[in-house]
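Being a predicted model, the structure only gives us computed values, none of them experimental. We count residues from 1, following the sequence as given. Both counts, for ligands and for their atoms, begin at 1 and track the order of listing.
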Amino acid sequence: MLATMSATVSATVLATVPVHSREGAPEATKTVSRKKDHVELCVGERVSFREKTSGFERFDFVHNALPEINFTDVSTETTFLGKAISFPLQISSMTGGYAEAERINRELAEVCESLRLPMGVGSQRQALEKAEFHHTFQAARKHAPSIALTANIGAAELAKPSVRANIARLIDMIHADALTVHLNPLQELMQPEGNPDFRGVLAGIEQIRASLGVPIIVKEVGAGLSESVARRLLDAGVSVIDVAGAGGTSWAGVELLRAKEDDALAPYQRAFWDWGLPTSECLRRIHPLKAEKNFTLVASGGISSGIEVAKSLALGADMAASARPLLQILMEHGQHALETALLGWQYQVRAVMFLTGAVNVHALQSVELREV
Ligand SMILES: Cc1cc2nc3c(=O)[nH]c(=O)nc-3n(C[C@H](O)[C@H](O)[C@H](O)COP(=O)(O)O)c2cc1C
């Protein structure tokens, strides 16, 4: 009986499995509405991990009652992609490719230019197909001429020779300082129109690296990078690893909210809402690779305060990055509120540094954390 039932269920489910890359609207049109949905859902809906956390709450700083430094001497300055930045935080890759994204990228860029912080634009895949929305990406560079700015493309795209042949256009389009490649197999799998074909991605990365002329950053989008994945990427010549771990925005969650109500797979996909490696765990496992390889380690996925930025560095990262928490502040409270929040995060990093006796960012990377 049970066997018959499960056979019936799986037959029904399989019959309604979304056909990836299915026909319908042209790809570029689908991308426009998808990018818009992503921003709207990330701002207005509960798309965080439900049970799993980034794990930063399991660590506490060892208070140093004898710091022997002056708070006014504490400097949060560091560098990223060869540019000086005011404190170790990037506004992560988010958007571009539909009309309203121009304003978002302009406002994020203006804040980054004024605070000397790096920023990424969202996936430029659609920009390779048509020029209509190029200005929505270009707004970032136009309003932030001096920051470290990163271009963006999905990993599965890099497996396509036609995309690889044109990749330099994405960098030129925004005068980017690096190309960010996002690895998002979970998101593609959950996405109604996703493309879960990840064959040839690593070889694609290795191929473009030789000819690109700017560094390659590889990130996840909230499910994290394991030590073995990081090692394979480093062996392929990647110079910046951004863990984008679990505990912040759940991209399985975002895509499930986009799924149609009658999607028969959705109830089964919900079990993947919390899938992924917590950000703090990714850092702890990848950081030791620094003994063998020269690379920049970025902590992201659920970073929502300056104290978490500081914990990331104490766990071995060189930088942190944050996406949805900052987008929410911008969209709900405006540009001034975003600038105030970022200055608040910078103050928190500086306060942690004073209270642990770390006078510069390099020293913060070796302060002691206790597990609680
Ligand atoms: C609205 C939105 C759109 C995003 N689009 C992209 C994208 O196009 N490319 C990318 O690499 N990451 C994208 N991300 C993922 C983020 O860069 C980040 O890795 C992820 O959200 C986890 O960080 P968080 O917990 O701080 O949000 C997007 C995030 C948000 C909130």
Side-chain angles (χ1 to χ4, degrees), residues 31-32 34-49 52-56 89-98 100-101 104-105 108 118-127 133 136-137 140 150-158 170 174 176 178-188 191 194 216-225 240-255 257-258 274-280 282 298-305 308-309 312 319-332 341 345:
T31 310
V32 170
R34 178 164 71 235
K35 297 307 286 182
K36 197 166 181 297
D37 288 354
H38 285 164
V39 167
E40 283 170 5
L41 291 167
C42 282
V43 172
E45 301 293 331
R46 291 190 54 210
V47 293
S48 306
F49 276 69
K52 195 175 275 177
T53 69
S54 56
F56 289 113
L89 183 80
Q90 175 181 27
I91 298 190
S92 230
S93 318
M94 280 190 277
T95 202
Y98 69 102
E100 297 94 308
I104 300 175
N105 276 338
L108 292 174
M119 153 180 181
V121 298
S123 173
Q124 292 165 275
R125 162 193 164 171
Q126 167 238 53
F133 293 114
T136 66
F137 298 100
T150 60
N152 193 287
I153 190 80
E157 295 302 305
L158 279 189
L170 302 184
I174 59 166
L179 173 70
T180 300
V181 177
H182 62 270
L183 306 180
N184 61 342
L186 172 66
Q187 183 189 10
E188 294 290 350
Q191 194 170 87
I216 299 183
I217 302 173
V218 176
K219 69 190 276 288
E220 235 286 347
V221 298
L225 301 176
V240 184
I241 299 277
D242 177 346
V243 302
T249 308
S250 162
W251 279 91
V254 175
E255 297 303 345
L257 294 182
R258 290 183 62 239
D274 265 18
W275 177 275
L277 299 163
T279 302
S280 61
C282 296
V298 182
S300 76
I303 302 279
S304 57
S305 73
E308 286 170 349
V309 172
S312 300
M319 282 279 295
S322 176
R324 190 169 56 97
L326 300 175
L327 179 70
Q328 278 180 317
I329 297 172
L330 177 72
M331 301 299 273
E332 287 169 0
W345 289 23

Open item on the list: What I want to know is whether Trp251 and ligand 1 share at least one N or O pair that is separated by under 3.5 angstrom.
Closed with: yes
Task: Lys219 neighbourhood, listing ligand 1 atoms whose heavy-atom distance to it stays under 4.0 Å - done: 10 (C), 11 (O), 12 (N), 15 (C), 16 (C), 17 (O), 18 (C), 19 (O)
TODO: Pick whichever of Ser93, Ala323, Ser304 has a heavy atom sitting closest to atom 17 (O) of ligand 1.
DONE: Ser93
TODO: Check whether any side-chain N or O of Glu188 sits under 3.5 Å from a backbone N or O of Asn184 as a donor-acceptor pair, and report yes or no.
DONE: no
Open item on the list: Regarding atom 7 (C) of ligand 1: of the candidates Ser250, Ser123, Gly154, which has the closest heavy atom?
Closed with: Ser123
- [ ] Apply side-chain contact (heavy atoms from CB on, under 4.5 Å) to the pair Leu277 and Glu220, showing each step before the final yes or no.
- [x] CA-CA 10 Å; Leu277 299 163; Glu220 235 286 347; over 6 Å; no
TODO: Using a strict 4.0 Å cut-off to heavy atoms of Leu327, name the atoms of ligand 1 that fall inside it.
DONE: 1 (C)
Open item on the list: Would the distance check show the side chain of Ser250 and the main-chain N or O of Val47 forming a donor-acceptor pair, the cut-off being under 3.5 Å?
Closed with: no
TODO: Provide, to 0.1 Å, the distance between atom 22 (C) of ligand 1 and the closest protein heavy atom, together with that atom's residue and name.
DONE: Val221 O, 3.7 Å
TODO: May I ask you to identify the nearest protein heavy atom to atom 5 (N) of ligand 1, giving residue, atom name and distance to one decimal place in Å?
DONE: Met94 O, 2.9 Å
Task: Enumerated ligand 1 atoms positioned under 4.0 Å from heavy atoms of Lys35 - done: 5 (N), 7 (C), 8 (O)
Open item on the list: Regarding ligand 1, does Val39 bring an N or O atom to under 3.5 Å of one of the ligand's N or O atoms?
Closed with: no
Task: Contact check: Gly302 vs ligand 1, nitrogen or oxygen atoms, below 3.5 angstrom - done: yes
- [ ] Find the distance between CG (Leu158) and CG (Leu179) and round it off to the nearest 0.5 Å.
- [x] 7.0 Å
- [ ] Could you tell me whether the side chain of Gln124 and the main chain of Ile153 form a donor-acceptor pair under 3.5 Å?
- [x] no
Open item on the list: Nearest 0.5 angstrom please: Arg324 CZ to Leu41 CG, how far?
Closed with: 10.5 Å
Open item on the list: Pairs of nitrogen or oxygen atoms closer than 3.5 Å, one from Ala321 and one from ligand 1: do any exist?
Closed with: no
TODO: For Gly301, take its heavy atoms, then give the atoms of ligand 1 lying under 4.0 Å from any of them.
DONE: 23 (O), 25 (O)
Open item on the list: For a quick test of reading the model, state the closest non-hydrogen atom pair linking Gly97 to Gln126 and the distance between them.
Closed with: O-NE2, 2.8 Å
- [ ] Heavy atoms only: give me the nearest Gly301-Ser54 pair and the separation to one decimal.
- [x] O-CB, 3.9 Å
Task: Those residues that, when tested against Ser123, pass side-chain hydrogen bond (donor to acceptor under 3.5 Å, both in side chains) (two or more places apart) - done: none
Task: Proximity of Cys42 to ligand 1 by residue part, where a heavy atom lies under 4.0 Å - done: side chain
TODO: Would you mind running through ligand 1 and noting each atom that sits below 4.0 Å from a heavy atom of Pro325?
DONE: 26 (O)
Open item on the list: If you measure every N or O of Ser300 against every N or O of ligand 1, does any of those distances drop under 3.5 Å?
Closed with: no
- [ ] State the CD-CE distance between Gln90 and Met319, to the nearest 0.5 angstrom.
- [x] 5.5 Å
- [ ] Compute the shortest N/O to N/O distance between Asn152 and ligand 1 and return yes if it is under 3.5 Å, no if not.
- [x] yes
Open item on the list: Could you tell me, atom by atom, which parts of ligand 1 come under 4.0 Å of a heavy atom of Ser92?
Closed with: 17 (O)
Open item on the list: Please list, in number order, the atoms of ligand 1 under 4.0 Å from a heavy atom of Gly248.
Closed with: 25 (O)
Task: Atoms in ligand 1 with a heavy atom of Thr249 nearer than 4.0 Å - done: 21 (O), 24 (P), 25 (O), 27 (O)
Task: Shortest non-hydrogen contact between Ala299 and Asp242, atoms and distance - done: C-OD1, 4.3 Å
Open item on the list: Please enumerate all residues that pass ring-ring contact (aromatic ring centres under 6.0 Å, His included) together with His38, with sequence neighbours excluded.
Closed with: Trp251
